[in-house]
Amino acid sequence: MVSRPTVRLLVILTIITILVMTAFVVVRFNVASNLMQSNLQERSRSVAERVANSVRPTIWNIYKKTYDRTYSVELASAILDSEMSSPFVEGIKVFGNFGHLYMGQIKVEGRIIQFDEKSHAQMWLEQKNRIRFPIKSGKVSIGNVEISYSDKAFTENLYQNLIVEIAQVTVVSILFVGSLFLILRFALLTPIQSLQIAQQALDSLNEAVFVTNEKGQIMDVNPAFTNITAFEEDEVLGLLPDIHPINEGDKSFACMVRSSLFDQSNWSGEVIGRKKTGGVFPGWLHLNKVVRKDKTITYVGVLTDIAEKKEAEEKLHHLAYFDSLTKIPNRHSFMIRLEEELLLSKREKSKIGLLYLDLDNFKWANDQFGHAIGDKLLITVANSFKQRLRESDLLYRIGGDEFTVIVKHYEQESDLVSIANDLVEQTAEQYLIDGHSIKPGASVGISTYPNDADNAKDLIIQADTAMYQAKEAGRGQVHFFSSKLEKQRQEQQTLEQKLKTAISNNELQLFYQPKACIKNGQCKFNSAEALLRWLDGDKVIYYPDQFITTAEKSNLICELGYWVIQRVCEQMAEWTEEGHKHLKIAINLSPRQLKDEGLFDFLKEQMRLLNISPQRIELEITEYAVIENIEASVKILDKLKTLGVSIAMDDFGTGYSSLSYLKQLPIDVLKIDRSFINKLPYEHGDIAIISAIFSIAEALKLEVVAEGVETREQLDFLMEQHCHMAQGYYFSAALPPEKLINWLNQSS
């Protein structure tokens, strides 16, 4: 660090150097300016003299003719043109002794034009650089030449020279002052350099540094101490630092020094510091004991304000343990807390209930209105849950639309049911989100400790299983875990794995049940329904109702659907080669298949590859597959219809909304569910329903297929109702492909 007297000396010498050099530059500038003016005048005088000598003959002739302007001035004009081409010359006027203008030129906006007395007189007077030279013939003055010239080039050159002069002076001044500084540095500053560097380093620290005597009274502080505590140096000298170790009450700094540094040279720890404003801040103090040569003791403390660090740690903790959207604890926090509560319950021999909630209609709302609305819906639902739950109940968001609640201190299982039902009822209400009315709905599964499980993992699995059972029961339900449900879940998992193996090992086969055309009182067989069978050798081990539900819950249903479509198309191609070109096959589509984006392209490609006429394929859908989102279903079916295939609604009459949506769907065929056929023609209620269905079909111009026909009486009744098609064991059970052709040949 440079001492103040040295700095003042350097400043004075620098100022003197600048003044001397500035005076030198000013003198040089004035000399150059005067020389420039002299050169300009000399040059302009030369131009005027040349013009005067050049135009003298012309002017003499004009003079003798007593100012006849028609006298030829071509030669003189050429001379003026030549001089005006120089950027130095701005204008030239040639006039007689009595002010008569003979000729003249002037530059206006860079162009050379003839001088006009009326137009250019004021412009000429405004020219600051002008010179006049007489035109003489012998000793007789016959006129004058007046030149207007520009000093722009000379001025630019002058200022360029001035800049060079200033640069030179600056360099010389810097070199001079720098050399002087180095001389002073080595001559005066070297002895105290180490001390100054240490002081400078101390002052530049961001940490507050203070020095105390043996009693703990402050002797010195650095600038950072003031920045952190707001106390000036003179306000704290001789006082104890207002710093207290954390978790040790109001223990003074002096007590901390005596107890912490009695038998050691340093101490570090978290402290609480107090500011001049009265506020406090968290800090980290590193304290060192320094024993001087005279055996006196001083203490050097380095205090760091860790408020920002603490805040950052809290933010990281919040990000790690809380859901960023709903601001409630997240899955990570849930797993930790559940383990803790289970350990506590084991010690106290108490109970814990776990509620696992899943919103029923969240995916639909998210797809229908967008993710922004979906996020706001989750926030609103989470807030409503918090308002219902007790302070002892712990709410978590563990996934997209999944929540859990850890319930402590409950008496009966009915208490858990009451809480769960309240949460379900809250989600059954209409939520208004940005103008959209949404009813999210929820299904809840419940498991308990210690009845159902004694560890967190199993308790979660069981609550999750119970929740899925609640959804299967119709959604908006509350289910307790049971070992029976768990056994079913495990069986489904086993079945799913077996089904994957069956697909890869080609253990599946299609059977075909004939459908009879019964119009006009006759039975003609030109169509069949493809039905999936799971075989072990030649023996059927699973029917569709035993494994389709499991496949529907996973992505296997789409894989199965593609397999069925491909196999039907291949079989139809084989039958075509054998001469059965008009046999129509119905293919069942599951709800998930219908929503599969790849269905349209796959079906189209299979028909193209195998040259299958689309009129020979009928796609059967159920009411359940379309009513969840009728608008989307209509779009999908319309797109499939563009392929030329027909659409049939299977199990018609079993859905609660069939009639209201029927007219919107682009279908061709209604298949009456077998439950309405079983008791025909003896059950009056079924007869009324069947008659109504035929009336609707006739009004909408739809074909009707009756499923489950098993008796002649049923067939006769359907014929009387002008039913189009019939299918059931009365005609035939489902047959393998080769047996179907034989049966058709025998029945034709």
Side-chain angles (χ1 to χ4, degrees), residues 510-531 533 543-545 580 582-588 615-623 646-656 658-659 662-663 665 667-737 739-748:
L510 289 179
F511 280 41
Y512 298 88
Q513 186 174 33
K515 292 196 293 184
C517 177
I518 59 175
K519 292 186 294 185
N520 303 321
Q522 298 179 348
C523 293
K524 295 182 179 180
F525 300 94
N526 56 6
S527 63
E529 179 181 0
L531 299 172
R533 297 291 185 266
Y543 287 93
D545 57 353
H580 303 282
H582 305 293
L583 188 60
K584 186 174 184 177
I585 302 298
I587 302 173
N588 290 282
Q615 285 75 27
R616 296 179 62 190
I617 292 181
E618 183 173 275
L619 301 178
E620 292 190 5
I621 60 172
T622 62
E623 291 179 84
S646 60
I647 307 293
M649 176 170 283
D650 197 8
D651 301 334
F652 181 74
T654 59
Y656 65 89
S658 303
L659 299 180
L662 185 60
K663 62 182 180 180
L665 297 171
I667 60 175
D668 306 288
V669 179
L670 289 181
K671 293 191 72 175
I672 303 175
D673 186 70
R674 66 179 64 248
S675 61
F676 298 107
I677 306 297
N678 290 338
K679 297 181 181 180
L680 289 178
Y682 308 109
E683 178 63 47
H684 295 292
D686 289 342
I687 292 174
I689 293 174
I690 295 296
S691 299
I693 291 176
F694 279 114
S695 298
I696 293 172
E698 184 179 359
L700 296 176
K701 298 181 179 180
L702 301 177
E703 286 192 357
V704 179
V705 178
E707 292 183 297
V709 177
E710 298 182 359
T711 66
R712 182 67 198 187
E713 290 82 357
Q714 293 171 348
L715 178 61
D716 291 341
F717 174 83
L718 292 171
M719 286 182 172
E720 291 175 2
Q721 297 293 325
H722 305 291
C723 183
H724 302 88
M725 305 284 290
Q727 175 183 353
Y729 287 145
Y730 178 77
F731 303 106
S732 173
L735 302 171
K739 291 185 178 180
L740 174 69
I741 297 302
N742 293 334
W743 188 91
L744 291 175
N745 291 334
Q746 294 174 4
S747 301
S748 58

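These numbers come from the heavy atoms of this one structure, side chains and all, not from hydrogens, waters or symmetry mates.
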Chemist: Working to the nearest 0.5 Å, report the span between CG of Asp668 and CD1 of Ile647.
Modeler: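 With rounding to 0.5 Å, CG (Asp668) is 7.0 Å from CD1 (Ile647).
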
Chemist: Salt bridge (charged side-chain N to carboxylate O under 4.0 Å, His left out) with Lys515: which of Glu618, Glu529, Glu703?
Modeler: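 Checked Glu618, Glu529, Glu703 against Lys515; only one passes salt bridge (charged side-chain N to carboxylate O under 4.0 Å, His left out): Glu618.
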
Chemist: Of all the heavy-atom pairs spanning Pro514 and Gln727, show the shortest one and how long it is.
Modeler: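 Scanning both residues completely, I find the closest heavy atoms to be O-CG, 3.8 Å.
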
Chemist: Under 3.5 Å, side chain of Asp651 to main-chain N/O of Asp673, donor-acceptor pair present?
Modeler: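 Checked: no pair found.
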
Chemist: Are Cys723 and Ile672 packed together at the side-chain level, in the sense that at least one heavy-atom pair is separated by less than 4.5 angstrom?
Modeler: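 With C-beta onward as the side chain, the pair stays apart.
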
Chemist: Ile667 versus Leu662: any side-chain heavy-atom pair under 4.5 Å?
Modeler: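 Ile667 reaches Leu662 side chain to side chain.
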
Chemist: Are any side-chain N or O atoms of Gln513 and backbone N or O atoms of Ser732, one a donor and one an acceptor, separated by less than 3.5 Å?
Modeler: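 Yes: the side chain of Gln513 pairs with the backbone of Ser732.
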
Chemist: Work out which heavy atom in Phe731 is nearest to a heavy atom in Trp743; give both atom names and the distance.
Modeler: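 So the two residues come closest at O-CZ2, 3.3 Å.
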
Chemist: Which distance, rounded to the nearest 0.5 Å, do you find between the OG of Ser691 and the CG of Asp686?
Modeler: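 Going from OG on Ser691 over to CG on Asp686, the span is 10.5 Å.
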
Chemist: Any side-chain heavy atom of Ile687 sitting closer than 4.5 Å to one from Phe717?
Modeler: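 Yes, close enough: below the 4.5 Å cut-off.
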
Chemist: Are Leu718 and Gln721 side-chain neighbours, meaning at least one heavy-atom pair lies under 4.5 Å?
Modeler: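 Side-chain contact under 4.5 Å: no.
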
Chemist: Rounded to the nearest 0.5 Å, what separates atom OG in Ser527 from atom CD1 in Ile617?
Modeler: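 Rounded to the nearest 0.5 Å, the OG-CD1 separation comes to 13.5 Å.
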
Chemist: Do Glu710 and Asn678 have side-chain atoms, one donor and one acceptor, less than 3.5 Å apart?
Modeler: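 The criterion, which ignores hydrogens and geometry beyond distance, is not satisfied for Asn678 and Glu710.
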
Chemist: Roughly how far, to the nearest 0.5 Å, is CZ of Phe694 from NE2 of His724?
Modeler: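 Answer rounded to 0.5 Å: 8.0 Å.
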
Chemist: Mind checking the CD1-NE2 spacing from Ile518 to His722? Nearest 0.5 Å is all I need.
Modeler: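 Result: 11.0 Å between the selected atoms.
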
Chemist: Taking all atoms of both residues into account, what is the closest heavy-atom pair of Ala528 and Leu740, and its distance?
Modeler: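 Result for this residue pair: CB-CD2, 4.4 Å.
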
Chemist: What's the verdict on side-chain contact (heavy atoms from CB on, under 4.5 Å) for Arg616 and Leu583, showing C-alpha distance, side-chain angles and the deciding distance?
Modeler: CA-CA 7 Å; Arg616 296 179 62 190; Leu583 188 60; 4.3 Å; yes

Chemist: Judged by atom type as modelled, is there a donor-acceptor pair below 3.5 Å linking the side chain of Gln714 to the main-chain atoms of Ile677?
Modeler: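 Yes.
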
Chemist: Nearest 0.5 Å please: distance from the CG atom of Leu735 over to the CG atom of Asn742.
Modeler: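 Between atom CG of Leu735 and atom CG of Asn742 there are 9.5 Å.
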
